[in-house]
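Shown next, in C-alpha cells, is the structure this report addresses.
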Amino acid sequence: MTASVIEQILARVHVALLGTTPASTNVYRGRDDAFDQAELPAINIRRTGTGHDRLGDSGERISVGIELDLHVATLGNWETAADALHMAAHAVLVADAPLAALGRGLRCDGTDAQGDSADRVIGKLTARYQMQIFVRPGDFTRAIS
C-alpha cells in the first residue's frame with residue numbers, strides 16, 4: 001500500500017534532517033520516550049492536525065501540520081542553543097527540493113519553549129510548521145501540481 005502524501009512529507013523531513021544539523025543522527029519520528037542527556041541535542045518530528053478543503057470536483061487542499069521538538073542540554077542559555085538548532089533545521093527544510101516537490105508553502109507558524117533544570121539545563125523548543133498539498137478527491141497518496 002502506498003503511503004499518504006502526509007506520511008511521505010514526514011518521512012522526507014526525517015531524511016532531510018538526519019546528519020545535517022547539530023542534532024546529527026539524533027533525529028526521530030514520533031518518539032514518546034524521554035531523551036537522556038547523552039542523546040542531546042535531538043529532534044523529534046511529529047504529525048499534527050491537518051485541515052481539508054474541497055476544491056470543487058477536481059481536488060482537495062490539505063494543510064499538513066508538522067511539529068519539530070528540538071531538545072537541547074547546555075550549561076549556558078538553553079533558549080539560544082535551541083534557537084540555533086531550530087535555525088539549522090529550518091535552513092535544511094526550506095532548501096530541500098524533494099520536500100518542496102511534495103507540497104507548497106512550507107512555513108513556520110510559531111514556536112513554544114519549555115525549560116527544565118537538572119545538573120545541566122535542558123530545554124525543548126517546539127516549532128510548528130504548515131505545508132499545503134493538493135490531491136485528487138479520495139486519493140491522498142499523490143500530490144498534484
Side-chain angles (χ1 to χ4, degrees), residues 1-56 58-116 120-137 139-145:
M1 181 172 199
T2 304
S4 72
V5 179
I6 298 167
E7 179 58 29
Q8 293 171 46
I9 287 169
L10 293 166
R12 183 60 209 171
V13 167
H14 184 237
V15 168
L17 293 177
L18 272 172
T20 59
T21 71
S24 187
T25 58
N26 293 331
V27 178
Y28 304 90
R29 282 281 315 277
R31 179 174 166 158
D32 291 326
D33 298 330
F35 290 96
D36 292 329
Q37 285 192 17
E39 297 177 289
L40 301 178
I43 300 173
N44 191 23
I45 303 157
R46 296 185 296 132
R47 176 180 180 164
T48 62
T50 60
H52 295 252
D53 294 316
R54 188 158 181 99
L55 304 172
S58 59
E60 290 184 49
R61 178 180 58 214
I62 301 174
S63 177
V64 179
I66 306 161
E67 281 189 352
L68 302 181
D69 289 332
L70 305 133
H71 299 263
V72 296
T74 181
L75 296 172
N77 182 346
W78 73 265
E79 289 177 332
T80 300
D83 184 70
L85 180 56
H86 177 218
M87 291 299 93
H90 181 82
V92 168
L93 295 179
V94 298
D96 191 73
L99 180 60
L102 291 169
R104 296 181 182 167
L106 178 70
R107 69 180 189 278
C108 182
D109 283 341
T111 60
D112 293 311
Q114 178 182 358
D116 188 22
R120 297 176 74 185
V121 178
I122 298 174
K124 176 177 85 168
L125 181 74
T126 299
R128 294 179 307 281
Y129 282 82
Q130 289 259 325
M131 187 173 202
Q132 305 296 315
I133 58 174
F134 297 89
V135 296
R136 301 237 182 266
D139 182 4
F140 300 131
T141 63
R142 193 167 49 98
I144 57 175
S145 311

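Since the structure is predicted, the reported quantities are computational estimates derived from the model, not experimental observations.
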Would L102 and I133 count as a side-chain contact (heavy atoms from CB on, under 4.5 Å) here? Give the steps. CA-CA 7 Å; L102 291 169; I133 58 174; 5.5 Å; no

Could you go step by step and tell me if T20 and V27 meet the side-chain contact (heavy atoms from CB on, under 4.5 Å) rule? CA-CA 10 Å; T20 59; V27 178; over 6 Å; no

Minimum-distance pair of heavy atoms, taken over all atoms of [X] and [Y]:
| X | Y | value |
| --- | --- | --- |
| L93 | A16 | CD2-CB, 4.4 Å |
| P137 | E60 | CA-OE2, 4.1 Å |
| W78 | V72 | O-CG2, 3.7 Å |
| T50 | G65 | CG2-N, 4.2 Å |
| L68 | A89 | CD1-CB, 4.3 Å |
| L85 | P22 | CD1-CD, 3.8 Å |

Report the residues that fulfil ring pair (Phe, Tyr, Trp, His ring centres under 6.0 Å) with F35, sequence neighbours left out, ordered by chain and then residue number. Y28, H71

Test of understanding: with side-chain hydrogen bond (donor to acceptor under 3.5 Å, both in side chains), list the residues that count as partners of [X], not counting sequence neighbours.
| X | answer |
| --- | --- |
| R61 | D53 |
| T141 | D139 |
| Q8 | none |

Spacing of [atom1] belonging to [X] relative to [atom2] belonging to [Y], to within rounding of 0.5 Å:
| X | Y | atom1 | atom2 | result |
| --- | --- | --- | --- | --- |
| N26 | L18 | CG | CG | 9.5 Å |
| I6 | S63 | CD1 | OG | 9.5 Å |
| L125 | L70 | CG | CG | 5.5 Å |
| T21 | M87 | OG1 | CE | 12.0 Å |

For the CZ atom on R29, are there more than 12 heavy atoms of other groups (residues, nucleotides or ligands in this structure) within a distance under 6.0 Å? yes

Between I66 and L10, is there a side-chain heavy-atom distance shorter than 4.5 Å? yes

Pair listing, salt bridge (Lys or Arg N to Asp or Glu O under 4.0 Å) test, anchored in residues 39-51, at least two apart: R31-E39, R46-E67, R46-D69

As a quick check of understanding, evaluate side-chain contact (heavy atoms from CB on, under 4.5 Å) for V5 and I62, giving each step before the final call. CA-CA 10 Å; V5 179; I62 301 174; over 6 Å; no

Under 3.5 Å donor-acceptor pairs involving side-chain atoms of residues 105-115, not counting sequence neighbours:
from : atom 1 : to   : atom 2 : distance (Å)
R107 : NE     : D109 : OD1    : 3.0
D112 : OD2    : R128 : NH1    : 2.6

